[in-house]
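Numbering of residues begins at 1 and proceeds along the displayed sequence. Whatever order the structure lists ligands and atoms in, that order sets their numbers, starting from 1.
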Amino acid sequence: MKDVFKAAKVTDTVYWVGAIDWVVRDFHGYFTSRGTTYNSYLILADKVTLIDASKAAFKDEVLARIASVVDPERIDYVISNHSEPDHTGSLSAVIDTVRPEKVFASKMGVKALRAYYHLEGITAVSDGETLSLGDREVTFVETPMAHWPDSMVTYLGDEELLFSQDIFGMHLASYERFADQLDDAVLDEEAAKYYANILLPLSVSVRKTLEKVAKLNIPLSIIAPDHGPIWRKDTGRVVSAYARWAEQKRTDKAIVVYDTMWGSTERMARAIGEGLAAGGARVRVMPMGSSHRSDVATEILDAGALLAGAPTLNNQMFPSMADALNYLKGLRPKGLIGAAFGSFGWGGGEGSRQIHTILEEMKVELVDESVKANYAPTGEDLKRCYELGLKVAQRLKEKTAGPA
Ligand code: FEO
């Protein structure tokens, strides 16, 4: 396999030896429309070192890429920056093949590797600790909850290179290994989607991580994450984007998320969209029959308003909306305004009532009462929807205007 699956040179002494997953479309609920990569890296030093393994199914691909540079048995050290199975599923098998002298992880990583993979004999490293690789050294920085309690990043000082595990990554399969070889619009979209769907609820931890790395006062010439392309030019661009997203700064964008049974709630959504646009908001109308929850999450990343609507089915909100709102609630977006709406046949309109409750639980500032329509919206109902849109747009304007 080493004649087919080759390593890619990152620097003269660091190689990418990861795996490209062109197939994956469901990453625990996140629609990975462009696939992903599981990045592993090889540092050539007196102590040859492997940074992170990969998902279990890609073990042979990773070992083949390593073998295209060095015999895998020459690896002395393995560093596990993060214990989630997309980076550690193959770790046991890699250890069996490589038989390294030592495997390193954070203290929480040691616990996680024991609990999840029943791995023993892992050496714990602490925050700020430096490890000699003989002629070179690496430094560890713990980044708890970015992404898991065990997460840490590893800095290779002589190359000014940060192995950043999930942070600064994206789900994007490509043969291009570097961000500067890819389209900026694709990078911006996928980096934002990754942040919104993986890191948004952990924004406080991301902020602490950024502060911690900034305090180290180290140059970041190269950022090598565990997913997607490597940043080797203008690394400040992705770092600034993270700082912006972690702040959860809201804009004048309003998202109308809904589903419909016989078109009634859809007509309401369209009328709300018209009102929002007439009031000056930038509007995205997202029908859940043809939108994915993870794309809604991406739009929410910088949106200022969330309007959610559903018909009532069997005395419950329509199931696709329950799915979308449950997912969004878990991502803990902060500082949104919004409202609920929906149609119903008999009963009191349980669908929109349940949405109202979820929006309250999400601490969304509710701009007005829910708008409900019995069976099919009348002209008057649609006018109320339009006016709701206008009212939300007005409040959005006030909220995003900032200090005079
Ligand atoms: Fe890519 Fe949190 O694992």
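Residue His147 approaches atom 2 (Fe) of ligand 1 most closely through its N/O/S atom ND1. Atom NE2 is the N/O/S atom of His82 found closest to atom 2 (Fe) of ligand 1. Shortest distance from atom 1 (Fe) of ligand 1 to Asp86 is reached at OD2 (N/O/S atoms only).
Metal site remark for atom 1 (Fe) of ligand 1: His87 contributes an N, O or S atom at a distance under 2.8 Å. In summary, no N, O or S atom of Glu84 is located under 2.8 Å from atom 1 (Fe) of ligand 1. Using a cut-off of 2.8 Å, one finds that Asp166 contributes an N/O/S atom close to atom 1 (Fe) of ligand 1. Among the atoms of His227, an N, O or S atom falls under 2.8 Å of atom 1 (Fe) of ligand 1.
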| Would His147 and His87 count as a ring-ring contact (aromatic ring centres under 6.0 Å, His included) if you check the C-alpha gap in whole Å, the side-chain angles of each, and the deciding distance to 0.1 Å? | CA-CA 12 Å; His147 171 216; His87 311 297; 8.9 Å; no
| task | Show your reasoning for whether side-chain contact (heavy atoms from CB on, under 4.5 Å) applies to Asp150 and Val110. | result | CA-CA 8 Å; Asp150 53 80; Val110 170; over 6 Å; no
| Criterion side-chain contact (heavy atoms from CB on, under 4.5 Å) on Thr130 and Val138, from CA distance to verdict | CA-CA 6 Å; Thr130 292; Val138 291; over 6 Å; no
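Cation-pi geometry between Arg65 and Phe5 is not met: the NZ or CZ atom fails to fall both under 6.0 Å from the ring centre and inside 45° of the normal.
Looking at Arg267 and Asp381, no side-chain N of the basic residue comes within less than 4.0 Å of a carboxylate O on the acidic one, giving no salt bridge.
Closest non-hydrogen pair, Tyr195 versus Ser203, comes out as OH-OG, 2.8 Å.
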